[in-house]
Enquirer: 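The following block contains the structure, expressed as structure tokens.
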Number of protein chains: 2
Amino acid sequence: MTTRKTPNMTKIRQATLDVITVAGHPLSANEVLARILLPCNPATIYRSLHYLEGKGYAHSFVLHCAEHGTERYYMATTPENHHHHWFHCEQCHRFIDLGDCSLAPLIQEYQEKLGIQVTRDTLYLTGICATCQN
Amino acid sequence: MTTRKTPNMTKIRQATLDVITVAGHPLSANEVLARILLPCNPATIYRSLHYLEGKGYAHSFVLHCAEHGTERYYMATTPENHHHHWFHCEQCHRFIDLGDCSLAPLIQEYQEKLGIQVTRDTLYLTGICATCQN
DNA sequence: CCGAATTTGCAAATGACTTGCATTTAACAA
DNA sequence: TTGTTAAATGCAAGTCATTTGCAAATTCGG
Ligand SMILES: [Mn+2]
Ligand SMILES: [Mn+2]
Ligand SMILES: [Zn+2]
Ligand SMILES: [Zn+2]
């Protein structure tokens, strides 16, 4: 058997994590690329985000917005590891934090009633934010 | 001014609607293409699904599944026009109907608290269905 | 510093979906 | 029924987020 080296938190990976942590809301790969300080290839950003998600430092969901199309958005995992849901404004494209996921009881109910094992829930709302309504 | 003709429910559009109606659960464009009886070009299926959604005969959501990737899934609008949410099994890729959307109170709460206008909610669960758990 | 394993850059590939354009179909007035 | 014309479709090329193959660069352990 070969000794396997521990994958490293490289500069780029750390910088990627810093970007999504500082942002405080979901960012697409392109947005991370635009904000990262180190010179970096797009492919590396994707790989970096995969790495972070695999390690549990980040999580993501796929959101579709008419103007930006379908993209995966990443956010840093919170210390408590609670997952949040988000509202996305179709006008200014800002995200608003809807707070901790409150679907646990609902999911539990579905699991019991249908015998399913829920691994993941995806919920997001879209519409117009307060500011954009004038 | 020119007189505009009413867009038509063509054979292909009707056949597309039939396919998603009979299925009773969300189908991707490719699945529709595989099930439609008429000879038909993929691009026409996409256009057809857009048409149906625009007319309110169908609605859709974007779902990501590790194996099938990110795709838009369409279902026929129910007579009552209630929208349902779905569970998708990551193993057998079947959908299980979770019933009418029960997020209205939650959404109402968010709208009032945050001043947002929610246009659309996307919620789906993924995991392993009862059958696939053995 | 050395050699092996991991990362990264770069370019090409992928896959869902869209679009331009020529052709076919269908609405409808004559 | 028929001619005129808008709308629908087929086909091929384009778009765009994301992935992947491979060679060069970096890093870890000794
Ligand atoms: Mn957006
Ligand atoms: Mn699937
Ligand atoms: Zn806004
Ligand atoms: Zn299953």
Side-chain angles (χ1 to χ4, degrees), chain A residues 1-17 19-20 26-55 57-74 88 93, chain B residues 1-20 26-55 57-74 88 93 122:
Chain A
M1 84 182 75
T2 51
T3 327
R4 214 156 253 300
K5 296 182 185 179
T6 313
N8 228 333
M9 179 61 85
T10 64
K11 281 182 211 164
I12 292 182
R13 287 168 178 173
Q14 182 62 56
T16 302
L17 179 53
V19 166
I20 59 177
L27 292 181
S28 68
N30 274 322
E31 290 171 323
V32 171
L33 185 60
R35 293 170 185 223
I36 202 167
L37 298 173
L38 303 175
C40 178
N41 189 277
T44 304
I45 292 292
Y46 284 105
R47 287 194 273 231
S48 202
L49 288 167
H50 287 163
Y51 170 85
L52 294 172
E53 186 159 37
K55 287 291 175 181
Y57 297 131
H59 44 117
S60 71
F61 62 99
V62 173
L63 175 143
H64 176 88
C65 145
E67 202 162 324
H68 292 135
T70 303
E71 283 177 296
R72 185 171 287 274
Y73 290 80
Y74 291 84
H88 181 72
H93 305 282
Chain B
M1 78 185 76
T2 51
T3 327
R4 216 156 253 299
K5 296 182 184 178
T6 314
N8 227 333
M9 178 62 84
T10 64
K11 283 181 211 165
I12 292 182
R13 287 170 179 173
Q14 183 61 58
T16 303
L17 179 52
D18 290 348
V19 166
I20 59 178
L27 292 181
S28 67
N30 274 323
E31 289 171 324
V32 171
L33 185 60
R35 294 170 184 223
I36 203 167
L37 298 174
L38 304 174
C40 178
N41 189 277
T44 304
I45 292 292
Y46 284 106
R47 287 194 273 230
S48 201
L49 289 167
H50 287 162
Y51 170 84
L52 294 172
E53 186 158 38
K55 287 291 175 181
Y57 298 131
H59 44 117
S60 71
F61 62 98
V62 173
L63 175 143
H64 176 89
C65 145
E67 204 163 322
H68 292 136
T70 303
E71 283 177 296
R72 186 170 287 274
Y73 289 80
Y74 292 83
H88 181 71
H93 305 283
T122 301

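So you know, we letter chains A, B, ... as the sequences are listed, proteins then strands, and number each from 1.
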Enquirer: Looking at B:T10, does any N or O in its side chain come under 4.0 Å of the phosphate oxygens OP1/OP2 on D:dT9?
Expert: yes
Enquirer: Applying side chain to side chain contact (heavy atoms under 4.5 Å, CB included), name anything that partners B:T10, two or more places apart in sequence or on another chain.
Expert: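 Testing B:T10 for side chain to side chain contact (heavy atoms under 4.5 Å, CB included), a comparison that skips the adjacent residues, returns B:N8, B:I12, B:R13.
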Enquirer: Throw together a table of side-chain donor-acceptor distances under 3.5 angstrom for residues 28-42 of chain B, partners on residues two or more places apart or in other chains.
Expert:
from, atom 1, to, atom 2, distance (Å)
B:S28, OG, B:E31, N, 3.2
B:S28, OG, B:E31, OE1, 3.4
B:E31, OE1, B:S28, N, 2.8
B:N41, OD1, B:A43, N, 2.9

Enquirer: NZ of B:K11 versus P of C:dT24: gap in Å, rounded?
Expert: 15 Å
Enquirer: In chain order, what residues pass the side chain to side chain donor-acceptor pair (under 3.5 Å) check against B:R47, with sequence neighbours excluded?
Expert: none
Enquirer: Each nucleotide N or O in nucleotides 16-18 of chain C that has a protein N or O under 3.5 Å away: list the pair and distance.
Expert:
from, atom 1, to, atom 2, distance (Å)
C:dC17, OP1, B:R72, N, 2.9
C:dC17, OP2, B:Y46, OH, 3.0
C:dT18, OP2, B:H50, NE2, 3.1

Enquirer: Measuring only between side-chain heavy atoms, which start at C-beta, is B:M9 closer than 4.5 Å to B:L17?
Expert: yes
Enquirer: Of the listed nucleotides (D:dT9, D:dG10, D:dT27), which one gets closest to any side-chain atom of A:N8?
Expert: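 It is D:dT27.
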Enquirer: Kindly write out the residues that satisfy side chain to side chain donor-acceptor pair (under 3.5 Å) with A:H59, not counting sequence neighbours, or none if the list is empty.
Expert: none
Enquirer: Using whole Å, report how far CG of A:L33 lies from P of D:dA17.
Expert: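 Result: 11 Å.
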Enquirer: Mind checking side chain to side chain contact (heavy atoms under 4.5 Å, CB included) for A:H68 and listing every partner two or more places apart, or none if nothing turns up?
Expert: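 Only A:C65, A:E71, A:Y73, A:H93 meet the side chain to side chain contact (heavy atoms under 4.5 Å, CB included) criterion with A:H68.
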Enquirer: Atom OH of A:Y51 and atom P of D:dT19: how far apart are they, to the nearest Å?
Expert: 18 Å
Enquirer: Whole-Å distance between C:dG9 C1' and A:L38 CG?
Expert: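 Atom-to-atom, A:L38 to C:dG9, this comes out as 14 Å.
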Enquirer: Starting at atom CD of A:E67, determine the distance to atom P of D:dC16, rounded to an integer number of angstrom.
Expert: 13 Å
